[in-house]
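To start, the structure under review is shown below, and the notes come after it.
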Protein chains: 2
Amino acid sequence: MKVDSAFSHHNHHQCQTSAVEQARQLCEKNGVRFTKLREQLFTLIWQSHKPVTAYKLLDQIKGSDFSATPPTVYRTLDFLLDQGLIHRINSLNAFIGCCQPGKRHTGTFMICEQCDHALEVDNTNILNAIQKVSHQHNFQVKNYITEIYGFCPQCQSEKDNSEVQS
Amino acid sequence: MKVDSAFSHHNHHQCQTSAVEQARQLCEKNGVRFTKLREQLFTLIWQSHKPVTAYKLLDQIKGSDFSATPPTVYRTLDFLLDQGLIHRINSLNAFIGCCQPGKRHTGTFMICEQCDHALEVDNTNILNAIQKVSHQHNFQVKNYITEIYGFCPQCQSEKDNSEVQS
DNA sequence: AAATAAATGTTATAGTATTACATTATCTCT
DNA sequence: AGAGATAATGTAATACTATAACATTTATTT
Ligand SMILES: [Zn+2]
Ligand SMILES: [Zn+2]
Ligand SMILES: [Zn+2]
Ligand SMILES: [Zn+2]
């Protein structure tokens, strides 16, 4: 899976399928259960590279075998977060599949304000900068998240065609 | 006002008073009104260096001259956000006074998971790293926020005394 | 003073998340 | 296989966060 796929055309079905398979294997490796419910919700989260809210997922499991109530969804989201299989985008109250599960998480996202796609980037410079500033302030880092808002390559060119540049 | 004051003992009353005064002057300079309601809520937000939720503020204006309803609070928060006088901490659904109003905002916070205090840091390295990675992905940055979680200096030493170090 | 614009009041509702307890499915051990 | 323990899911209620729509009041402009 290519890192920039969130912002470019690609075979997303394959993208999704391989993410599910990878999640299954990681769960097995970690001795936790990738149940039908978890698989179904994880698959739904991977339906696109747009962060999706818990209640959207709730709507989508209506009619399935599972209880379409908030705890069903939130419990499963908590599991997937714990396993590092998904991330939460705080500013959107939404969830998105992790592109490097099992590897170190940088928690850095570029979020397009036009098309809502979010790209997770693994960036050492940001991590280094965070560690440096934290050290300067004698702050012991446990976790961090960086959410970058703006316009993805696609949406920039569309804007260029329709707006006067500043 | 010292930058690290959120994590250290200081004369917070003076800290709060000068923040209110600075806000008043900035509003005057920008031709917007720093009304009684806005001043009262801004003062409440500056009651400490802990991010505070809208509904906590709502509780606190009960008994005042103002209508203690959500729109009252949210509208005022929106105004203060627009003027760059406060920030929103996305992961906490909470608001905190800005330490450098009028200056460039980096939107970087170190948040102590133990004592809830949050320190806004103005850090060029993080900004540079974000601009660099955004440029690499041809992403046009409009805004960003970095929330760093961990333990502040005070809470670290308390932990050191009560826990075995790893 | 009248007209306009800005701010606040008021009511209702939408959206997000958790608590507590009951039931079912799976695992472990004999 | 069966009993007991653990994990996962079902269910009902509630708490928390935020916005929409419209009315009224206050401040500004002419
Ligand atoms: Zn894809
Ligand atoms: Zn886009
Ligand atoms: Zn202070
Ligand atoms: Zn602390």
Side-chain angles (χ1 to χ4, degrees), chain A residues 23-24 27-45 50-83 85-96 116 145 147, chain B residues 23-24 27-45 50-83 85-96 116 145 147:
Chain A
R24 188 194 317 283
C27 284
E28 183 161 6
K29 176 182 154 198
N30 294 333
V32 295
R33 285 197 261 160
F34 198 57
T35 63
K36 272 287 165 200
L37 173 59
R38 289 165 179 173
E39 176 177 346
Q40 180 162 345
L41 279 173
F42 184 77
T43 304
L44 283 172
I45 291 168
K50 295 186 189 181
V52 60
T53 68
Y55 278 73
K56 283 280 183 234
L57 293 169
L58 188 53
D59 286 343
Q60 296 188 272
I61 61 167
K62 281 174 183 158
S64 76
D65 290 341
F66 301 106
S67 161
T69 64
T72 302
V73 173
Y74 280 102
R75 270 192 298 233
T76 307
L77 290 171
D78 285 343
F79 169 85
L80 296 172
L81 287 167
D82 283 346
Q83 298 300 317
L85 296 171
I86 63 171
H87 292 288
R88 182 174 195 276
I89 309 286
N90 290 320
S91 55
L92 303 175
N93 298 327
F95 303 85
I96 190 168
D116 297 332
I145 189 164
E147 297 173 7
Chain B
R24 186 192 320 281
C27 284
E28 183 160 6
K29 177 182 154 200
N30 294 333
V32 296
R33 284 198 261 160
F34 196 59
T35 63
K36 271 288 166 199
L37 172 59
R38 289 165 179 173
E39 176 176 348
Q40 180 162 347
L41 278 173
F42 184 77
T43 304
L44 283 173
I45 291 168
K50 294 186 191 182
V52 60
T53 68
Y55 278 74
K56 283 280 182 231
L57 294 169
L58 187 53
D59 285 344
Q60 296 188 273
I61 62 167
K62 282 174 182 160
S64 76
D65 290 341
F66 300 106
S67 161
T69 64
T72 302
V73 173
Y74 280 102
R75 270 193 298 234
T76 307
L77 290 172
D78 284 343
F79 169 84
L80 296 172
L81 286 168
D82 282 347
Q83 298 301 317
L85 296 171
I86 63 172
H87 293 286
R88 182 175 195 275
I89 309 285
N90 290 320
S91 55
L92 302 176
N93 298 327
F95 302 85
I96 191 167
D116 298 332
I145 189 163
E147 298 173 7

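Numbered from 1 within each chain, the chains take letters A, B, ... in sequence-line order.
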Output the rounded distance in Å from [atom1] ([X]) to [atom2] ([N]).
| X | N | atom1 | atom2 | result |
| --- | --- | --- | --- | --- |
| A/Asp78 | C/dT16 | CG | P | 16 Å |
| A/Asn90 | C/dT16 | CG | P | 14 Å |
| B/Leu77 | D/dT19 | CG | C1' | 13 Å |
| B/Leu58 | D/dT19 | CG | P | 14 Å |

Test: B/Lys62 and B/Asp59 ion pair at under 4.0 Å
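Looking at B/Lys62 and B/Asp59, the cut-off is met.
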Under the criterion side chain to side chain contact (heavy atoms under 4.5 Å, CB included), which of A/Leu57, A/Ile45, A/Leu41 is the partner of A/Thr76?
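The passing option is A/Leu41.
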I want to check something: taking the side chain as every heavy atom from C-beta on, are B/Phe95 and B/Leu80 in contact at a cut-off of under 4.5 Å?
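Heavy-atom side-chain distance check fails, nothing below 4.5 Å.
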What closest approach, in Å, do B/Leu58 and B/Ala68 show between heavy atoms, and which atom pair accounts for it?
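Smallest heavy-atom distance, with atoms named: CD1-C, 3.2 Å.
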Show the nearest heavy-atom pair for residues A/Ile61 and A/Ser67, with the distance to one decimal.
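Between these two residues, the closest heavy atoms are CD1-O, 3.9 Å.
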Do nucleotides 24-30 of chain D as a string where each nucleotide becomes B, S or -: B if the base has a protein heavy atom under 4.0 Å, S if just the sugar-phosphate does, - if no protein is that close.
---S---
Where along nucleotides 9-17 of chain D does protein come under 4.0 Å, by heavy atom, of base (B) or sugar-phosphate alone (S), with - for untouched nucleotides?
BBBB----B
A/Lys29, NZ atom: more than 12 neighbouring heavy atoms under 6.0 Å:
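Atom NZ in A/Lys29 is not packed in, count stays at 12 or less.
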For the side chain of B/Glu147 and the backbone of B/Ser91, is there at least one donor-acceptor N/O pair under 3.5 Å apart?
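Yes, because the side chain of B/Glu147 sits within donor-acceptor range (under 3.5 Å) of the backbone of B/Ser91.
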Check: B/Arg33 main-chain N/O paired with B/Arg38 side-chain donor or acceptor under 3.5 Å:
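The answer is yes, because a donor-acceptor pair under 3.5 Å joins these two groups.
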